[in-house]
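Working notes for the structure below.
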Amino acid sequence: MVPEHPDAPDAETAAPALKILVAGGFGAGKTTLVGAVSEIRPLRTEELLSEAGRSVDDTDGVDRKVTTTVAMDFGRITIRSGLSLYLFGTPGQDRFWFLWDELAQGALGAVVFADTRRLEDCFPAVDYFEHRRIPFVVAVNCFEGARRHDARSVCRALDLDAGTPVVLCDARERDSGKEVLVRLVEHAGRMHTARLLDSVG
């Protein structure tokens, strides 16, 4: 495994950064989003799917996928002057979930990718962030050939808490991915403000 190392940020010009997780099921678009929006060369820890792995990884519906993230993806994007996001893409298979607790420490929030062809794959990520009270948005990756569902239908199917945003997106498109991240930052900001007010009220 030879990860691609990101360019080092300029210490004098680097904006303060917030940590964002990008999670979801196997093949849902996590690595694609980090690569599409990152302004630095993303770090990737992808390996070819092996025959041994095929016995434990469910590739139904994502038959053309030939690689998988085994540790994390990492990228950086500046949303606006003075606000940068560090993106940490989590591995999707359950055998790598032990890494999530480490990656989640200090995170402002998370993007949970949903593939409507395999919607059940994002249930564990939704449960993970709900139980830890980490703000998140659900990004429905609109794959070619997949049946389209509106945000309200996905919200009902996932039984999301009231107010959890659901955003339709194309993980390959930088502007689409950036919009997902903006929605997350806004949502997380509202939740953190509400919790602060509750704690002092």
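These numbers come from a predicted model, not from an experiment.
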Are the side chain of R174 and the backbone of V37 linked by a donor-acceptor contact shorter than 3.5 Å?
yes
Looking at every heavy atom in both W100 and A23, which two are closest together, and how far apart are they?
CH2-CB, 4.0 Å
Hydrophobic cluster membership, with links at side-chain heavy-atom distances under 4.5 Å among I/L/V/M/F/W/Y: are M191 and L83 in one?
no
Correct closest heavy-atom pair for V34 and P42 would be CG1-CB, 4.3 Å
Look up atom CG in L21 and atom CZ in F136, then write down how far apart they are to the nearest 0.5 Å.
12.5 Å
Evaluate the criterion side-chain contact (heavy atoms from CB on, under 4.5 Å) for residue pair R80 and V182; output intermediate values, then yes/no.
CA-CA 10 Å; R80 60 175 181 266; V182 168; over 6 Å; no
Expected list for residues 153-169: side-chain donor-acceptor pairs under 3.5 angstrom, two or more places apart:
{"residue": "S153", "atom": "OG", "partner": "D150", "partner atom": "OD1", "Å": "2.8"}
{"residue": "T164", "atom": "OG1", "partner": "D161", "partner atom": "O", "Å": "3.1"}

Please enumerate all residues that pass side chain to side chain contact (heavy atoms under 4.5 Å, CB included) together with L184, with sequence neighbours excluded.
I20, V111, V137
Do P135 and F129 have side chains that approach each other closer than 4.5 Å (heavy atoms only, starting at C-beta)?
no
Given 3.5 Å as the limit, does a donor-acceptor pair link the side chain of S38 with the main chain of G35, or not?
no
In short, A125 meets V112 closest at the heavy-atom pair CB-CG1, 3.9 Å
Do you know which of T32, L87, V22, T31 makes side chain to side chain contact (heavy atoms under 4.5 Å, CB included) with D73?
T31
Got a second to check how far D170's CG is from D175's CG, nearest 0.5 Å?
11.0 Å
dist I134:CD1 -> Y128:OH (nearest 0.5 Å) comes out at 5.5 Å
Are the side chain of K19 and the backbone N or O of A104 linked by a donor-acceptor pair below 3.5 Å?
no
For the CG atom of L181 and the CD atom of E186, what is their distance to the nearest 0.5 Å?
11.0 Å
V180 and A139 have their tightest heavy-atom pair at CG1-CB, 4.0 Å
Closest approach of A114 to V138 (non-hydrogen atoms, all atoms of both residues):
CB-CG1, 3.9 Å
Which heavy atom of L103 sits nearest to which heavy atom of P91, and what is that distance?
CD1-CD, 4.4 Å
Output for pair (T116 OG1, D121 CG), nearest 0.5 Å, gives 11.5 Å
How about D115 and F26: do any of their side-chain heavy atoms sit closer than 4.5 Å?
no
Distance check, rounded to the nearest 0.5 Å: H192 atom NE2 versus H187 atom NE2?
9.0 Å
